Amino acid sequence: MTKKIAAICLCMLMLCAQGVGLADALLTGTSDAQILSAVFPGRTFTPDDEDFCYSDEEARYYVREARQFGNSVLIVIERLGKAHVVGWQNFVFAVCSLETGTLIGKPLDFGGDEADYLVTYQDGKVSVLYVSSTSGQGWENGYGSKWTWDGAAWQQVWPSAAYGTEAYSTYWENQKGEIDHGEQRGSVEMYTRVITNRDTGFIGPEFTWEFSHNEYPGYPPL
């Protein structure tokens, strides 16, 4: 199902839940603002016609995907922060029910300054592979994880260290990943930090990233 059709289905259900008749819902269509309101209840978004997106006081928001799987819709939102503390670029992955038009479980909401993702669908299942990096004062840190939807919540399948724990931070210390969208689609190219100069006179040492190995989280992808 295309993004447009799935989004219209979602909007129909949202409008019906609000007491709008089915015929009216069919004629009304949908908008990114309605999708954003479903993912971020209580938030107010202003259209930004120049950038074809919606904004609030923190960021600009783009609905990148809205796709049905089973009786649910996966919504992918790109968020471009207006300040570094928000993150320059990150993504939110939310699942809404086609029956109620409301969120199921807690969305995946990753911070970062530069990010990439891969969503895969197979046999009614969906998985999200995500990598990102943050930078500041000449230093860069990488992060990443893979998740599958179990019908009620997202379950982490990679890495083995749980997201948000000290072990997760240790895993990604001096590493970063890049998603392969080509021949080995769904694998992650891993790079290791190599210090090139410790005596820079600045806050941190100079470094470069060198290819280390490939990770295959749940490979081949769902």
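Being a predicted model, the structure only gives us computed values, none of them experimental.
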Taken in chain and number order and not counting sequence neighbours, the residues that satisfy side chain to side chain contact (heavy atoms under 4.5 Å, CB included) with E210 are V194, T208
Separation between CZ (R67) and CD1 (I75), nearest 0.5 Å, reads 14.0 Å
Using the rule that two of Ile, Leu, Val, Met, Phe, Trp, Tyr join whenever any of their side-chain heavy atoms come within less than 4.5 Å, decide whether F110 and L118 are in one cluster.
yes
Closest heavy-atom pair, P217 versus L129, reported as atoms and distance to 0.1 Å, is CG-CD1, 4.0 Å
Taking only residues two or more places apart in sequence or in another chain, which ones pass side chain to side chain contact (heavy atoms under 4.5 Å, CB included) with Q155?
T148, D150, A153
With V131, which residues qualify under side chain to side chain contact (heavy atoms under 4.5 Å, CB included), at least two apart?
D116, I179, V188
Taking side-chain hydrogen bond (donor to acceptor under 3.5 Å, both in side chains) as the definition, give me every residue that meets it alongside S72, ordered by chain and number, with sequence neighbours left out.
none
What pairs with D109 under side-chain hydrogen bond (donor to acceptor under 3.5 Å, both in side chains), at least two apart in sequence or on another chain?
R79
Output all residues satisfying side-chain hydrogen bond (donor to acceptor under 3.5 Å, both in side chains) with W209, sequence neighbours left out; order by chain, then residue number.
E140
Side chain to side chain contact (heavy atoms under 4.5 Å, CB included) against N214, all qualifying residues, sequence neighbours excluded:
S187, E189, F211, Y216
Hits for salt bridge (charged side-chain N to carboxylate O under 4.0 Å, His left out) against E178, two or more places apart or cross-chain, chain-then-number order -> none
Show me the pairs that pass salt bridge (Lys or Arg N to Asp or Glu O under 4.0 Å) and involve residues 34-46, at least two apart or across chains.
R43-D56, R43-E58
Report the residues that fulfil side-chain hydrogen bond (donor to acceptor under 3.5 Å, both in side chains) with S145, sequence neighbours left out, ordered by chain and then residue number.
W147
Residue set satisfying ring-ring contact (aromatic ring centres under 6.0 Å, His included) with Y117, at least two apart, ordered chain then number -> F91, F93
